[in-house]
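Here the structure is a predicted model, which is why all the values come from computation and not from measurement. Residues: numbered from 1 along the sequence shown.
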Amino acid sequence: KFDALAPRINKPLLLMVGERDQYPEVHFFSNVSRFAATLSGLGKALTVQDTGHSIHNERPYFLANQIVRFAPRP
């Protein structure tokens with residue numbers, strides 16, 4: 001459960017979860033989606049279609065592009 005973290009997040013957050021990331025006991029997709037709905041302020045939550053738990057392995061260029069677009073320029 002991530003719910004206790006939401007009130008303490010005060011920096012921009014890029015949150016991504018694969019739509020197929022549903023391990024039986026953990027339910028990442030459901031939990032991350034619910035957590036994203038509780039966030040306010042700067043940030044972005046993305047559901048990555050046709051992707052499981054390892055976004056970095058399954059969609060490396062997409063992930064890199066999202067990080068570059070989200071991160072502030074120096």
Side-chain angles (χ1 to χ4, degrees):
K1 297 259 180 186
F2 303 106
D3 300 338
L5 297 173
R8 296 186 301 195
I9 296 174
N10 59 6
K11 302 288 183 195
L13 175 69
L14 176 59
L15 182 64
M16 287 188 258
V17 65
E19 72 175 355
R20 293 184 181 170
D21 193 357
Q22 283 286 44
Y23 288 121
E25 283 119 33
V26 184
H27 308 286
F28 280 115
F29 178 74
S30 299
N31 286 327
V32 171
S33 298
R34 234 182 338 269
F35 175 65
T38 69
L39 296 173
S40 62
L42 299 175
K44 184 175 180 179
L46 297 172
T47 297
V48 185
Q49 295 180 345
D50 299 320
T51 304
H53 186 71
S54 299
I55 298 170
H56 62 287
N57 282 330
E58 297 173 56
R59 304 274 186 263
Y61 296 108
F62 173 81
L63 176 64
N65 187 42
Q66 293 302 313
I67 292 169
V68 167
R69 291 171 66 192
F70 182 78
R73 296 245 180 226

query: By side-chain hydrogen bond (donor to acceptor under 3.5 Å, both in side chains), which residues pair with Ser30, not counting sequence neighbours?
result: Gln22

message: How close do Leu14 and Leu46 get, counting heavy atoms only, and between which atoms?
response: CD1-CD1, 4.3 Å

According to a hydrophobic-cluster definition based on side-chain heavy atoms being under 4.5 Å apart (Ile, Leu, Val, Met, Phe, Trp, Tyr only), do [X] and [Y] belong together?
X	Y	result
Phe28	Ile55	no
Leu13	Val32	yes
Leu15	Val48	no

message: Nearest 0.5 Å, please: how far is OG in Ser33 from NE2 in His27?
response: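 Taking NE2 in His27 and OG in Ser33, the distance rounds to 13.0 Å.
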
query: Would Phe29 and Arg20 satisfy side chain to side chain contact (heavy atoms under 4.5 Å, CB included), going step by step from the backbone distance to the final call?
result: CA-CA 7 Å; Phe29 178 74; Arg20 293 184 181 170; over 6 Å; no

Scan the side chains in residues 59-74 for donor-acceptor partners under 3.5 Å anywhere in the protein, sequence neighbours excluded, and list what turns up.
| unit_1 | atom_1 | unit_2 | atom_2 | d |
| --- | --- | --- | --- | --- |
| Arg59 | NE | Thr51 | OG1 | 3.3 |
| Arg59 | NH2 | Asp50 | O | 2.8 |
| Gln66 | OE1 | Lys44 | NZ | 3.4 |

